[in-house]
Amino acid sequence: MRQTKRKRGTSPVLEEPKEVTEGAEQDRKSITKHKKHKAVKANPREKKPQEEYKCWLMKSEPETRIEKGLDMKFGIEDLMAQPSQTACWDGVRNYQARNFMRAMKIGQQAFFYHSNCKEPGIAGIVQIVKESYVDHTQFDPKNPHYDASSSQDNPKWSMVDVQFVRKLKRYIPLAELKKLHLNDKSSGGPLRNIALFTRARLSVQPLTQEEFDFILKLEDQKDI
DNA sequence: GCCAACGTTGGC
DNA sequence: GCCAACGTTGGC
């Protein structure tokens, strides 16, 4: 009933009083650096801060997996079955992933990635139809992603709404992307730095325009 | 502020 | 089901 997607994040873990632990990059830069002009060192993993991402990849689990009594299954077919083929991307409990969602703008596109399943890979494309707002599931004790350390006054977690755009002409398996990535690492090709492999476990990640376009072209090529 | 223990992600 | 990678916690 709930549109309980399977968005991945890391453990919220109870009462962790200080706002912003890790990764709240944005927030952190603004508040933590009253020190000196230590110059807001950008998180090195976060590429150039000035370069704004416009393309994304979002992971979801297409196969049934029960967590706290709820099925986390939410594949691209499930998104297509939603009213208006739209769903909120709740349940992200990782600061980096959250911050990327907060940076998303209406109309931007994301790959819909199938994780934790028989054949992981990119299944389709979605677009952002509502920019970040409070993820209500953090306040629901029944929800697998309930976060007791978050308060209504000062919510920790956000989500966006995504709408189905289309499936890719062919499913692009992780294994294929990995081969390309490995090649590109030595040759300096387009997928040399793709977050999928350089930032393991991040459930919401940015892609450069080059990465996004390159992957899109793969759908017209032969499977390998 | 360091870092070992712990928990989760997610490919294989 | 295993386990590597890695974020988070908490003792010191």
Side-chain angles (χ1 to χ4, degrees), chain A residues 4-29 31-36 38 41-47 56-76 78 89-102 110-123 135 137-138 143-151 154-159 171-183 185 191 193-207 215 224:
Chain A
T4 322
K5 278 144 256 36
R6 200 328 88 150
K7 275 71 36 47
R8 302 257 144 207
T10 352
S11 60
V13 179
L14 319 197
E15 39 255 303
E16 165 258 303
K18 33 216 140 233
E19 155 68 343
V20 177
T21 314
E22 229 296 70
E25 278 81 32
Q26 251 75 316
D27 317 15
R28 204 196 238 157
K29 274 181 224 155
I31 63 182
T32 313
K33 311 297 186 173
H34 57 303
K35 274 300 174 197
K36 17 208 53 218
K38 183 59 165 184
K41 215 177 296 186
N43 180 339
R45 319 185 70 200
E46 198 122 335
K47 302 220 172 169
W56 313 95
L57 179 147
M58 303 170 87
K59 300 180 182 176
S60 191
E61 301 185 23
E63 294 174 5
T64 289
R65 190 175 61 81
I66 307 299
E67 187 176 337
K68 298 211 188 130
L70 290 184
D71 192 354
M72 295 295 106
K73 173 183 186 304
F74 195 80
I76 197 161
D78 299 301
W89 209 262
D90 60 276
V92 170
R93 297 292 181 269
N94 169 281
Y95 288 110
Q96 287 184 2
R98 179 203 69 178
N99 290 346
F100 283 132
M101 283 202 297
R102 288 181 174 180
F111 285 127
F112 191 108
Y113 178 89
H114 282 173
S115 69
N116 207 15
C117 57
K118 228 18 148 340
E119 187 178 37
I122 297 174
D135 176 348
T137 66
Q138 66 195 298
N143 192 280
H145 303 114
Y146 172 63
D147 184 353
S149 74
S150 185
S151 68
N154 191 12
K156 275 189 181 171
W157 307 110
S158 305
M159 62 187 182
Y171 189 76
I172 306 205
L174 177 65
E176 178 177 346
L177 293 168
K178 190 169 202 170
K179 282 180 201 158
L180 293 166
H181 166 65
L182 290 177
N183 276 339
K185 267 210 300 185
L191 299 189
N193 287 326
I194 188 169
L196 199 52
F197 302 110
T198 59
R199 306 173 68 168
R201 303 196 298 144
L202 193 54
S203 67
V204 175
Q205 36 181 271
L207 278 82
I215 291 171
I224 46 175

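Here is how names work: the chains are called A, B, and so on, in the same order as the sequence lines, proteins then strands, and each is numbered from 1.
- Nucleic acid contact class of Lys118(A) (heavy atoms, under 4.0 Å, all strands): none.
- Within the 3.5 Å criterion, the main-chain N or O of Ile76(A) finds a donor-acceptor partner in the side chain of His114(A).
- The nearest whole Å value for the distance from the CZ atom in Arg199(A) to the P atom in dG10(B) is 13 Å.
- Thr198(A) places a side-chain N or O within donor-acceptor distance of the main-chain N or O of Asn193(A), the cut-off being under 3.5 Å.
- Using bins of under 30°, 30° to 60° and over 60° for the plane-to-plane angle, the ring pair Phe112(A)/Phe74(A) lands in the tilted bin.
- In this structure, Asn116(A) atom CG and dA4(C) atom P are separated by 17 Å, rounded to whole Å.
- Computed from coordinates, the Phe197(A) CZ to dC12(B) P distance equals 8 Å when rounded to whole Å.
- Partners of Tyr113(A) according to the ring-ring contact (aromatic ring centres under 6.0 Å, His included) rule, which considers only residues two or more places apart in sequence or in another chain, do not exist here.
- Taking atom CZ of residue Arg201(A) and atom C1' of nucleotide dA5(C), one finds them 6 Å apart after rounding to whole Å.
- What separates CD of Glu176(A) from P of dC12(B) is a distance of 14 Å, to the nearest Å.
- Rounding to whole angstrom units, CE of residue Met58(A) and P of dT9(B) are separated by 16 Å.
- Distances shown here put every side-chain N or O of Lys59(A) at or beyond 4.0 Å from the OP1 or OP2 atom of dT9(B).
- Relative to the side chain of Asn94(A), the nucleotides dA5(C), dG7(C), dG10(B) differ in distance, and dG7(C) lies closest.
- Rounded to whole angstrom, the span from the CD atom of Gln205(A) across to the P atom of dT9(B) amounts to 15 Å.
- Checking the phosphate oxygens (OP1, OP2) of dC6(C), no side-chain nitrogen or oxygen of Tyr95(A) falls inside 4.0 Å.
- Separating the NE2 atom of His145(A) from the C1' atom of dT8(B) is a distance of 11 Å, rounded to the nearest angstrom.
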